[in-house]
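Heavy-atom basis, side chains included; hydrogens, waters and symmetry copies ignored. Throughout, protein chains are lettered first and strands after them, A, B, ... in sequence-line order, and every chain is numbered starting at 1.
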Amino acid sequence: MAFRLVPTALASTLTAAAAGRYTVDGSDKQSHAAEEILNNLRHVTVLYRSGQLNRGASAWAGGPIQHECTFPVELLLSADAKADLAVLADPASTAPEYASALAAMQPASVRANDLWDELFDILWNILMAPANMGLGLADGLVANRWVGNPQKGKPFTRGKYVILPGTFDYTCTVQEYPPTTVPKPAGAGAIDTTITETADISGAITDPALQGAKAP
Amino acid sequence: MGEALGMMERDLGEIVEGPFSSHVQLLTPDGVWITTSVHGGPLKGNVTDAYVVLTGTEEKIVNEPRVELRISSLSRVPVADEKWSIKIRASAVNPALVLMVLSGDKAPERDASRGLVYLYPQQVSQ
């Protein structure tokens, strides 16, 4: 089925547009050390979560069938506090200079919150860009893409850092094509699925082979 | 009563500022460094990279640094919503002091009944 192509295409699209702003882990669910992801915006694409295969007349031999898919994308980042170290680390600084530097200090959780917003902003703009509408897959395979349901997790402390996870959903419609081969019962000949018009809408016989037959 | 309190303080001094303690320096929100103890000598405390919390009958290891100081050794005790800086040893095997800040997410915990205050340092960058 075509939906299996989407997670990889999603990761490839995001990797191509990363420009050093974040790291794409694809479907890698391995945990990361807080120090490793420090101030390095990062996200993890996870596998297909749910879908809706809509029933339709086109399901008979060949499709396409509309497959509305949801792919959760996980975000993970860590942050430390931010302060003017040129002042705080300088023994020659005066008390008012120290006090001013401390007053301007930004706690780690505030930084993590800002970084999360920035990351979602970046990813939303990439995935909603017209150029990335089809994720580089065959024309028409992926349609109706949407980035929504952003959910920020709860910040927690790990070691000297604050970690902030979160997710958003990438939803799209994928065209699925069922097999076109019609199975035949054992011992039976081939089933002819060709439709031949034998009468027009008024009921008049149009097939020359059936001329003279009584219209139903 | 006074003698009992004196014994408790002496015990605290041995536990918190004894041979297993390390040097600690604090920068108050006013910009004043506290480097010495009110009792004399350099300010010292227990610095750990993780600690155990008891919840009912369960023990939980919390993976974050914590500094344990004797309240009576401090000329000013950190409280919630204040911005402080702190210098603690780089690691258990490296006594060189490194600059950090007190967490803006976890307030200092004052355990007045035991005469202790717990501080939670956080990494800081420019």
Side-chain angles (χ1 to χ4, degrees), chain A residues 31-42 76-118 152-166, chain B residues 23-36 47-53 60-67 75-76 78-92 94 96-109 118-126:
Chain A
S31 60
H32 299 284
E35 204 163 27
E36 181 196 346
I37 59 173
L38 175 64
N39 298 331
N40 176 18
L41 303 178
R42 179 169 207 120
L76 183 67
L77 57 88
S78 79
D80 56 7
K82 191 177 181 183
D84 189 350
L85 292 183
V87 173
L88 290 181
D90 185 358
S93 298
T94 63
E97 286 172 336
Y98 282 133
S100 174
L102 284 175
M105 184 182 74
Q106 206 179 17
S109 59
V110 174
R111 285 194 80 198
N113 185 64
D114 291 348
L115 288 171
W116 201 100
D117 294 349
E118 182 189 332
K152 200 180 284 183
K154 192 177 174 185
F156 60 93
T157 304
R158 180 71 76 222
K160 300 174 281 186
Y161 309 102
V162 166
I163 309 282
L164 183 56
Chain B
H23 291 274
V24 175
Q25 296 182 358
L26 286 166
L27 179 61
T28 71
D30 301 330
V32 177
W33 280 104
I34 300 174
T35 57
T36 56
V47 180
T48 50
D49 295 315
Y51 55 93
V52 175
V53 171
K60 183 186 169 195
I61 296 173
V62 182
N63 179 17
E64 64 183 16
R66 185 175 77 167
V67 178
S75 53
R76 178 173 171 178
V79 294
D81 297 326
E82 286 184 342
K83 291 181 174 178
W84 289 61
S85 186
I86 187 169
K87 283 183 181 177
I88 57 173
R89 52 125 177 93
S91 73
N94 183 359
L97 295 179
V98 292
L99 184 76
M100 299 178 80
V101 293
L102 292 193
S103 171
D105 310 297
K106 198 162 184 177
E109 290 173 11
Y118 299 102
L119 309 177
Y120 299 93
Q122 213 164 51
Q123 181 83 10
V124 63
S125 63
Q126 185 68 30

Is chain A contacted by the side chain of B/L27, its backbone, both, or neither, given a heavy-atom distance below 4.5 Å? both

Closest contact, heavy atoms only, A/K160 versus B/P65: CG-CG, 3.7 Å

Kindly indicate whether the side chain of B/S125, heavy atoms from C-beta on, has any atom under 4.5 Å from the side chain of A/R111. yes

Testing the basics here: between B/P29 and A/A99, what is the closest heavy-atom pair and its distance to 0.1 Å? O-CB, 3.3 Å

Can you name the closest pair of heavy atoms from A/A89 and B/L99 and give their distance? N-CD2, 4.0 Å

What option among A/P107, A/S109, A/S93 has the most heavy-atom pairs under 4.5 Å with chain B? A/S109

Atom CG of residue position B/N94 - does it have more than 12 heavy atoms of other residues, nucleotides or ligands inside 6.0 Å? yes

Most contact-rich option vs chain A, by heavy-atom pairs under 4.5 angstrom, among B/D105, B/V32, B/D30, B/L102, is B/D105

Does some side-chain heavy atom of A/L102 sit less than 4.5 Å from a side-chain heavy atom of B/S85? yes

The interface call for B/T28 against chain A, heavy-atom contacts under 4.5 Å, is backbone

Within-4.5 Å side-chain heavy-atom neighbours: A/D80 and B/Q122: no

Considering only heavy atoms, which portion of B/N63 lies under 4.5 Å from any heavy atom of chain A: side chain, backbone, both, or neither? both

Between A/K82 and B/V124 (side chain of the first, backbone of the second, donor and acceptor by atom type, cut-off under 3.5 Å), is there such a pair? no

Say you draw a straight line from CG of A/L88 to NZ of B/K87; how long is it, rounded to the nearest 0.5 Å? 9.5 Å

Polar side-chain atom of B/Q126 near backbone of A/L85 as donor-acceptor pair, under 3.5 Å: yes

Identify which part of B/W33 has an atom lying under 4.5 Å from any heavy atom of chain A, answering side chain, backbone, both or neither. side chain

Side chain from CB out, backbone as N, CA, C, O: work out which of these in A/A103 comes under 4.5 Å of a heavy atom of chain B, or both, or neither. backbone

